[in-house]
Student: 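Next up is a structure, given as structure tokens.
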Amino acid sequence: MKYEITINGARRCVEFTPPKNEGLRVAFTVDGRPVEADAIRISRGAYSILHGGRSLEVTVEEASGGLLLRVNGREFQAKIFDPRSWRRGHGAGIELEGRQQLVAPMPGKIVRVLVAAGEKVSAGQGLLVIEAMKMQNEIRSPKSGTVEKLAKEGQTVNAGEVLAVVV
Amino acid sequence: MKYEITINGARRCVEFTPPKNEGLRVAFTVDGRPVEADAIRISRGAYSILHGGRSLEVTVEEASGGLLLRVNGREFQAKIFDPRSWRRGHGAGIELEGRQQLVAPMPGKIVRVLVAAGEKVSAGQGLLVIEAMKMQNEIRSPKSGTVEKLAKEGQTVNAGEVLAVVV
Amino acid sequence: MGIVSVAVFSDADRAALHVRLADEAFRAGPAPSRESYLRIDKLMEIARHAGCDALHPGYGFLAENPELARACASNNIAFIGPSPEAMERLGSKTAARQLAARAGVPMVPGTKEPIENLNGAGTIARKLGYPVLLKAVAGGGGKGMRAVSADAEMGAAWRDAASEAQNAFGDARLYLEKYVDRPRHIEIQILGDAHGRIVHLGERECSVQRRHQKVIEESPSPIMTPDLRRAMGEAAVRLAKDAGYVNAGTVEFLVDAQRNFYFLEVNTRLQVEHPVTEMVTGLDLVKLQIRVAAGEPLPFSQDQVKLSGHAVECRLYAEDPANQFFPSPGTILSRRAPSGPGIRLDDGVYEGFTVSTEYDPMLGKLISWGEDRAEAIARLRRGLAEYSVTGIKTNAELLLGILRDPEFLGGEIYTRWLDERLPRLLSGMQTQERDAIAEDAAILAALLHSLDGKDAAATNGAATETESRWKREGRFEQIDRSE
Amino acid sequence: MGIVSVAVFSDADRAALHVRLADEAFRAGPAPSRESYLRIDKLMEIARHAGCDALHPGYGFLAENPELARACASNNIAFIGPSPEAMERLGSKTAARQLAARAGVPMVPGTKEPIENLNGAGTIARKLGYPVLLKAVAGGGGKGMRAVSADAEMGAAWRDAASEAQNAFGDARLYLEKYVDRPRHIEIQILGDAHGRIVHLGERECSVQRRHQKVIEESPSPIMTPDLRRAMGEAAVRLAKDAGYVNAGTVEFLVDAQRNFYFLEVNTRLQVEHPVTEMVTGLDLVKLQIRVAAGEPLPFSQDQVKLSGHAVECRLYAEDPANQFFPSPGTILSRRAPSGPGIRLDDGVYEGFTVSTEYDPMLGKLISWGEDRAEAIARLRRGLAEYSVTGIKTNAELLLGILRDPEFLGGEIYTRWLDERLPRLLSGMQTQERDAIAEDAAILAALLHSLDGKDAAATNGAATETESRWKREGRFEQIDRSE
């Protein structure tokens, strides 16, 4: 099975066949380079991987627009482009190039809106400011595009609620 | 909803309506005595219950023939006779009076068989001896009856495997 | 001690560990603290109902509020802390400074009184010696404050500070203080009983702060000498005696590069960082607080207080240092606690616990003890590397960065050190050299995790499906090939 | 210390914490220890491959095997322990006794040589003074052993012991020893460097044993006096010096009611119970072991060893005390670790970890430190009450029972104390008075749990369904009623 993975910004082509058993060696290739490792699942989102003689603890969390991985404290951002992703519902990665949806990272209040709906914005431009736990955080546009949807100033939002859509 | 519960051997009649929300007060009656408590689930099989002013941590585990509960370190054996148990697949409790199935508590080896299939046994009588981790443990009959099925001496068994059936 | 503990909780804290571990627990009210934890009447009602003999105010909310101590007294409940009068004497900065001055505790030299005009400011500044600090009489939070390092700068500084003070407080008056360059925050733990005995338990250095919030605390201070400790300890005890202080408290000082110390303020309660003192003295401060509140005499004298080894504490927060320290509430999916010699973790969270947005996002404190500073720091680093929490972001990596920083390791810290050092520490976290093996592992885990199914990932808590999708997939592959 | 750690594991231990926490980890072989952990050749292969400079043998498996030490030497790997020669001199009971006798270490008075006949036995017994112990020359495990308290009993005891010895070992020869009534097990921790310095780090009392397995250990011993400690410590150091001992070791003694001490044996490795010594001395024994193995001199002298406070350790096992201590392997569904001042938990398990049937079912050790014995015990009790593991049975409640027992609290313990006290402790666990509130809570939790669904309960690990059935049920009820 072929996958395209972006990891900390770099694009890698991975050939990987799911292992038959846990705790057995898993063989795969990264950009053609063969890799063999021993992987077991410790709990949901936590793996112990022995690779290159090293013992690595990897945790995986779903983060906005991909996966946040921590390997012995080192962080990696990853996105998987799965050839079978549509069937699996893993299509989120594809959306990156298209419609971008920004969700509230936690419950809070919109204290400032910096752009108007319909406005053209560039990547990194501040869209609005959310306040939670007495701290303010600016939510920036992940891409250049047009603001389609936007939360209102003073609005209270729950975690996961859509704050803005950039197309 | 009416339930019959045996708890540490005593039979109690409980009237209980499942609460609509976690963290709200739950009202029920035990043998007609009204009880009110505040219950939340901490994780699967772990509850925090505030009752009578006390803060109680309760853990629940499925044990052979019922539930093992620990309340602040104190142990309770419970069995629920649910009027809707057949629909729910909770019928194990009913079997207590009938066919009794004894399963291996852990992987091990049958080192001695003390009775023969078809033999009449009394409650508490030793049926066979299982060895695991270099220790031997006698498995006793939970009721008076006839031994229907029996593991063989020298046999290796997995946890949960049926060692004997007493009817 | 065999004491039955009664906890109070707001609706946001029903599942908090203090509720679960207490013998009894009662609801104080809804989540907002002004409707629960800050309601003295509610607390008294619960304490009376539960039949409490004593009340420990903790170190947040009402811990320094004399009205709580008063309410306890009128309800015949022992307040585990100083008398309301002592709290008032030391709780207000102005009153505390006056008391400290009378007790001969060194203060930052300055005028205290407003200065009439620019000319007067120049005269006083030359007398104090530059650098000096212009401060707003009505001030606070750094507004209306200017550091001045020479006569030539005074004019502009005076104008700026005065107009800022006028804008911020409606009061343009300024006063002058000697500017303490790169001060350290060093505080003395004191403990007094109701029989007139007050001792000090050495110092804690809390100079590693971010925006005036302590991040790392240690004892002893890397710059401490026996003479300085005695002088600071005696000054703290003198002030506490003059204030009629009973129970645990902390006298905070600024210390300059020449080891001059200046009174800052008094905290009339137990501090978050009290475990470092516990670890170097071998004393249980909360237990001693309770004994003293019960009228018992302190079971030791100043001579019997022995400091042994070194302790360091770091505060673990649910926050994202890479994103302006934005709080990171959420459900903790997994948590791994460190163990081993000299490691202590005081935290209040667990797997499945939801860190709320209601209160301070502190997860807990990791404390280490070692024979010397280097061993304590090395143990704390190991402990932090073993500590792992997923589901929320934490400051653990930043703490590790601080504990590896050469300036921190050299003890070259001061109150603004971390704020100044932060950009370098944060960029250091981002620009690690590439680790191909770790990256391979990340790729593999990402693939295995995505095979484990997105559906299960949507659940909160430590979810495990009955069967891992990754195993199922493997089996299908196997079947496919065997056909 | 900045050392890269390399772990080995058998297939049964792939998910064990020592593998997860190590920097590197290599498979030693299949689950049976003789095919993995006991394979010196495998260990050497891994050590060479990983480029190890040193090997720490732990405290199980090959830890006392001189062949491992020899293999290390020939592979140019530092063995973190004594020389193979010292291990041989002290590892065999007979050789160790001879060495101890030469070093003037007190031994239980007796003949050592076989006694010719019954008459000879009577003469010697009268010389030693009753009570005496008849023991089989070829003996072990209590077979061919009889306590004799008077001349009149000697005849029957001689016949029984001789015939039992003949049956068990094919060797009827017997010898006589003074019978030590209610002995305590007290051991001295020693530590030597390669430069001829050997110190002792005080004692550990390990009298609370079940069938010769230590259950609770503490330091200092409740009966210790400074004189006795010095005498025992000096005897242990003398013996170690004579044996050319380097690194950490333990000299075990029996101590009688009159505080006479008798040599028992030497453990040529670190002990499971070493944390109690670490907590009262403030030393890190493993770190010191590594330093000594690297050729460094001990960084302190005997005079500088200071004991402070009291430490108690209890061993947590996956076993069911109510069911003849049958091991209770299985998957840990939840685990809650205690925290707070003076508490240390050294364990190797986590939520979702499966305790296997392959090895010793020890889950870990809970250790407490306090200013005195009472405080240490109280803290250990609190720690045990906070400690919770579900999915398997543990001995935690029994440990709590011991820590509440008046005889234990009075320090009236000896090696058979727990075996004798056990029936009472176990029945005490069963016959608690009824607690109606706890029972109500149990009923409520049982109902809520059964509503949460049997399907989910069947999964291993900490399973949580996307939606609790209890909530769904409630909602259905609501709908039903609103119709």
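Here the structure is a predicted model, which means the values were calculated and not measured. Proteins get letters first, then strands, A, B, ... in listed order; numbering begins at 1 in each.
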Student: On a heavy-atom basis, which atom in B:Leu69 and which in D:Ala442 lie closest, and how many Å separate them?
Tutor: CD2-O, 3.4 Å
Student: Can you name the nearest heavy-atom pair linking D:Leu451 to B:Tyr3, along with the distance?
Tutor: CD2-OH, 4.4 Å
Student: Report yes if the side chains of B:Leu68 and D:Lys393 come closer than 4.5 Å at any heavy-atom pair, otherwise no.
Tutor: yes
Student: Pair D:Arg336, B:Glu57 - check salt bridge (Lys or Arg N to Asp or Glu O under 4.0 Å), show working.
Tutor: CA-CA 11 Å; D:Arg336 193 177 67 193; B:Glu57 288 271 304; 2.8 Å; yes
Student: If I measure from the heavy atoms of chain B, does D:Glu439 come under 4.5 Å with its side chain, its backbone, both, or neither?
Tutor: both
Student: Please report the closest heavy-atom contact between D:Leu444 and B:Ala39, naming both atoms and the distance.
Tutor: CD2-CB, 3.9 Å
Student: Would you give the length of the straight line joining atom CZ of B:Arg44 to atom NE2 of D:His449, rounded to the nearest 0.5 angstrom?
Tutor: 4.5 Å
Student: Using 0.5 Å steps for rounding, measure from the CD1 atom of B:Ile139 to the CG atom of D:Asn323.
Tutor: 7.5 Å
Student: Grab the two heavy atoms, one from D:Ala446 and one from B:Leu67, that are nearest each other, plus how far apart they are.
Tutor: CB-CD1, 3.8 Å
Student: Taking side chain as everything from C-beta outward and backbone as N, CA, C, O, which of these in B:Leu50 sits under 4.5 Å from a heavy atom of chain D? Side chain, backbone, both or neither.
Tutor: neither
Student: Does CZ belonging to D:Arg34 count more than 12 external heavy atoms closer than 6.0 Å?
Tutor: no
Student: Hey, could you give me the CD/OG distance between B:Glu61 and D:Ser334, rounded to the nearest 0.5 Å?
Tutor: 7.5 Å
Student: For B:Leu56, run the side chain to side chain contact (heavy atoms under 4.5 Å, CB included) check against D:Asp435, D:Ile437, D:Asp440 and tell me which one passes.
Tutor: D:Ile437
Student: First locate atom CZ of B:Phe16, then atom CD1 of D:Ile443, and finally report the distance between them rounded to the nearest 0.5 Å.
Tutor: 11.5 Å
Student: Given a strict heavy-atom distance threshold of 4.5 Å, which part of D:Ala438 is in contact with chain B: side chain, backbone, both, or neither?
Tutor: both
Student: Within the structure provided, determine whether B:Arg70 and D:Thr390 are in side-chain contact (heavy-atom separation under 4.5 Å).
Tutor: yes
